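Step one of this worksheet: look at the structure below.
Sequence positions, counted from 1, serve as the residue numbers for this chain. Here the structure is a predicted model, which is why all the values come from computation and not from measurement.
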Amino acid sequence: MEKEEILARAKKYIAEEKDQRFRKEVEELVAKEDMKELEDRFYQTLEFGTGGLRGVMGGGTNRMNTLEINLATQGLANYVLKAFPQKAKDGTLSAVVAYDSRKNSDVFAEATALILAANGIKAYLFTGLRPTPELSFAIKELGAQTGVVVTASHNPPQYNGYKAYWDNGAQVIEPHDAGIIDEVNAVKEVKSISKEEALKSGKLVLIDKEIDDKFWAMCKAQLFRPELIKEKASTVKIVYTPLHGTGAMHVEKVLGDLGLKVMTVPEQREPDGDFPTVEKPNPEEAPALKMAVELAEKEKADCVMSTDPDADRFGTAFPGKDGKFVLVSGNQMGALLCEYVLLSRKEMGKLPANSAAIRSIVTSPFTDYICKKYGVKMMECLTGFKWIAAVEDEFEKTGANTYVYGLEESYGYKIEKEVMDKDGVSAAAMCAEMTLYWASKGKSILEHLDDMYKEYGFFEDRAISQNFPGSSGKEVMAGIMAKLRKEGLKTLGGKKVMEIKDIQESVSYNPDNPSAKTKINLPKSNVLQFVLEGGTIVSARPSGTEPKIKFYINARTEVGGAKCDGCLAATKKESAAACDAITKDIKSILENA
């Protein structure tokens, strides 16, 4: 991009940005003519991806700031007014706004609510930080047409984000996402109203306890064996960390009401947008759980639980026979919860004949085998819980299937129907009950997981990713995907590629006979999947919210059976070697990009 164009964009931003902090940043960069930094801030405008807007906070069109929030919200308001013309005419449109513990989240949330109010849309704004699943719950509970949660989920401290939701309580998908972007790009004027005027007119309504109480009750209502928890609660110690986010208030309340003893990591309990004790507040990464694990080992606890800053993701660790805690992956916990939910429903006569579960295409097929055992249909969808919600919506419309469970590998689980996004709070309650259930059978969670491997096969799942920041990052990632799409892959890790699934082109084919294509019935998305001999699936996908490309390995290996004591250990070793070889080839692809 030419210097003149970058400076013109910067000066336009300075003229439009009302927040002095962000405006001053750009003014100083222009004064210094720091073109490298200015180019990074202005080479593009943030767009809605798999989770809405997300980016580093600061001045610029490629940053999260008040101007971008204002434009996005005005565009959202314009779209909602057109999408619900009768309600717009009647003046009955409403929206819910929530925010997490990140820096500027409260400022961005209030700005969002006031712009919605200025456009005649009643804005329900939480008085303090709340988790993403509660925002989804509140939209349905209050009968709102849209909603926004200000959060960057598990990203580092310098990030913030803006997730837009629709009237079903799920994040926006097509055609709404594209429609909102069109409206954002067409915004000429952002309407405004003062907080005092909005409150006085009733277009801004502050909410908290009336939604909290219903949300907590809903989480507890999902449980199958409250009598077991009541009987055994005192025998279990749980160490929990909200990683400086929104989860403590909710997880402590729900588990505490059940009589469970919860020890929250004191250094990580209070909300703090700097996330001072972790590099990344991400329960998927072992360093984030280090303090919780240390406390759990010291206290001889039975379980470590964690939620990310907006409490939609849920991570765990359990003690092995040596007392050392082992982190359980998203795919593993997803399978454990799936089996527990299905066996409990079956035992209690609550498993409908047309039951169906939903998982993303990069999630382990472990749950497929569990569902098959219980006669439950497994449906695949694109990555992102909004797609799980979209499939569930189809269930509701057609009545062909009854939703019983949804998951994705990135520590996301949904047991209830009242929330249309992943929910770390209800997952924590169900995980606690599941832990007590298997303990009552004389099994630890890790021992039961091994039993599952012996029954369903051993599943090993890995994720490899590489960042490509800056203005050239998109081009590099696009180049990798274009090359893979054009040339394909003949082998990975010494295993022949038997099938290529191109989700962008909606086709599947054998690379030895590429002209014979089979149609894939999924929305288009920039994803490639390579099915290897033996059944291992390798997926390539650029992230929708971060400048990175991700590869996922989902491998299954048969185990010698429940009576073969040494078979599982041998299978794990065999699987690790196979996945190591595949990982090596993937890293070579990334290094040569």
Side-chain angles (χ1 to χ4, degrees), residues 45-54 64 66-99 108-126 130 132 134-151 161-193 195 197-199 201-207 211 384-387 389-390 393 397 419-421:
T45 297
L46 288 179
E47 295 180 359
F48 277 79
T50 56
L53 285 170
R54 189 177 301 182
M64 284 295 299
T66 313
L67 178 60
E68 293 305 315
I69 291 288
N70 291 352
L71 292 170
T73 306
Q74 185 62 57
L76 174 63
N78 291 345
Y79 186 79
V80 169
L81 288 163
K82 292 176 181 178
F84 300 95
Q86 189 58 51
K87 284 186 171 293
K89 184 179 178 181
D90 297 342
T92 56
L93 286 171
S94 63
V96 187
V97 181
Y99 60 94
F108 293 163
E110 183 172 299
T112 298
L114 291 177
I115 291 169
L116 290 168
N119 282 273
I121 301 169
K122 180 186 284 188
Y124 293 97
L125 174 65
F126 279 99
R130 292 296 189 279
T132 289
E134 188 174 7
L135 179 278
S136 174
F137 175 82
I139 291 171
K140 296 184 75 175
E141 181 67 27
L142 294 168
Q145 285 65 57
T146 188
V148 171
V149 60
V150 179
T151 178
Y162 177 105
K163 293 182 185 177
Y165 285 71
W166 208 237
D167 62 345
N168 63 347
Q171 290 183 54
V172 294
I173 59 170
E174 55 188 32
H176 304 310
D177 51 359
I180 293 166
I181 285 293
D182 288 343
E183 291 291 345
V184 171
N185 292 335
V187 168
K188 301 298 183 186
E189 178 189 2
V190 176
K191 294 184 178 181
S192 63
I193 188 174
K195 186 174 182 180
E197 186 182 349
L199 285 167
S201 68
K203 287 300 180 185
L204 177 63
V205 179
L206 303 180
I207 55 172
I211 300 298
F385 238 85
K386 64 183 182 180
W387 295 109
D393 262 352
K397 289 174 185 175
V419 170
M420 296 296 278
D421 209 336

The reported gap from CG in Leu199 to CG in Leu206 (rounded to nearest 0.5 angstrom) is 5.5 Å
Keeping Gln145 on the side-chain end and Gly143 on the backbone end, is there a donor-acceptor pair under 3.5 Å? yes
Evaluate the side-chain proximity of Leu76 to Glu183: yes if any heavy-atom separation is below 4.5 Å, no if none is. no
Quick one, Thr66 and Phe108 - any side-chain contact, counting heavy atoms below 4.5 Å? yes
Does any non-hydrogen side-chain atom of Val419 lie less than 4.5 Å from one of Phe385? no
Give a yes or no answer on whether the side chain of Ser136 reaches the backbone of Gly169 with a donor-acceptor pair at less than 3.5 Å. yes
Quick one: do Ile193 and Leu204 satisfy side-chain contact (heavy atoms from CB on, under 4.5 Å)? Show the steps, please. CA-CA 10 Å; Ile193 188 174; Leu204 177 63; over 6 Å; no
Determine the minimum heavy-atom distance between Ala109 and Tyr99, stating which atoms define it. CB-CD2, 3.5 Å
Can you tell me how far apart OG1 (Thr92) and CD1 (Ile121) are? Round to the nearest 0.5 Å. 11.0 Å
Nearest heavy-atom pair of Leu81 and Asn119: which atoms, and what distance? CD2-O, 3.9 Å
side-chain contact (heavy atoms from CB on, under 4.5 Å), that's the test. Do Glu68 and Thr45 meet it? Break it down for me. CA-CA 9 Å; Glu68 293 305 315; Thr45 297; 3.8 Å; yes
How far does CD1 of Ile173 sit from CG of Asp393, to the nearest 0.5 angstrom? 7.5 Å
Quick one: CH2 on Trp387 to CD on Glu174, what's the gap to the nearest 0.5 Å? 4.0 Å
side-chain hydrogen bond (donor to acceptor under 3.5 Å, both in side chains) between Asn70 and Gln74, worked out: CA-CA 6 Å; Asn70 291 352; Gln74 185 62 57; over 6 Å; no
Output, in order, the C-alpha distance, side-chain angles, deciding distance and verdict of side-chain contact (heavy atoms from CB on, under 4.5 Å) for Val190 and Thr73. CA-CA 9 Å; Val190 176; Thr73 306; over 6 Å; no
Verify the neighbour count for atom NZ of Lys122: are there more than 12 heavy atoms of other residues, nucleotides or ligands below 6.0 Å? no
When Val80, Val97, Leu93 are each screened for side chain to side chain contact (heavy atoms under 4.5 Å, CB included) with Leu116, the one that passes is Val97
Are the side chains of Thr146 and Tyr79 in touch, meaning some heavy atoms are under 4.5 Å apart? no
Report the C-alpha distance between Phe126 and Glu134 in whole Å, list the side-chain angles of each, state the deciding distance to 0.1 Å, and finish with yes or no for side-chain contact (heavy atoms from CB on, under 4.5 Å). CA-CA 10 Å; Phe126 279 99; Glu134 188 174 7; 3.8 Å; yes
Measuring from Thr132:OG1 to Gln171:CD, what's the distance to the nearest 0.5 Å? 8.0 Å
With the side chain counted from C-beta on, respond yes when Asp177 and Ile181 share a heavy-atom pair under 4.5 Å apart, and no when they do not. no
Work out which heavy atom in Ala123 is nearest to a heavy atom in Ala113; give both atom names and the distance. CB-O, 3.5 Å
Side-chain heavy atoms of Ile211 within contact of Tyr124, under 4.5 Å: no
Any idea which heavy atoms bring Val184 and Leu71 closest together, and the distance? CG2-O, 3.8 Å
Which atom of Lys82 lies closest to which atom of Pro85, heavy atoms considered: O-CD, 3.4 Å
Please answer whether the main-chain N or O of Ala170 pairs with a side-chain N or O of Lys386 as donor and acceptor at a distance below 3.5 Å. no
Side chain proximity check, Leu114 to Lys195, heavy atoms < 4.5 angstrom: yes
Shortest non-hydrogen contact from Arg54 toward Leu46: O-CD2, 3.7 Å
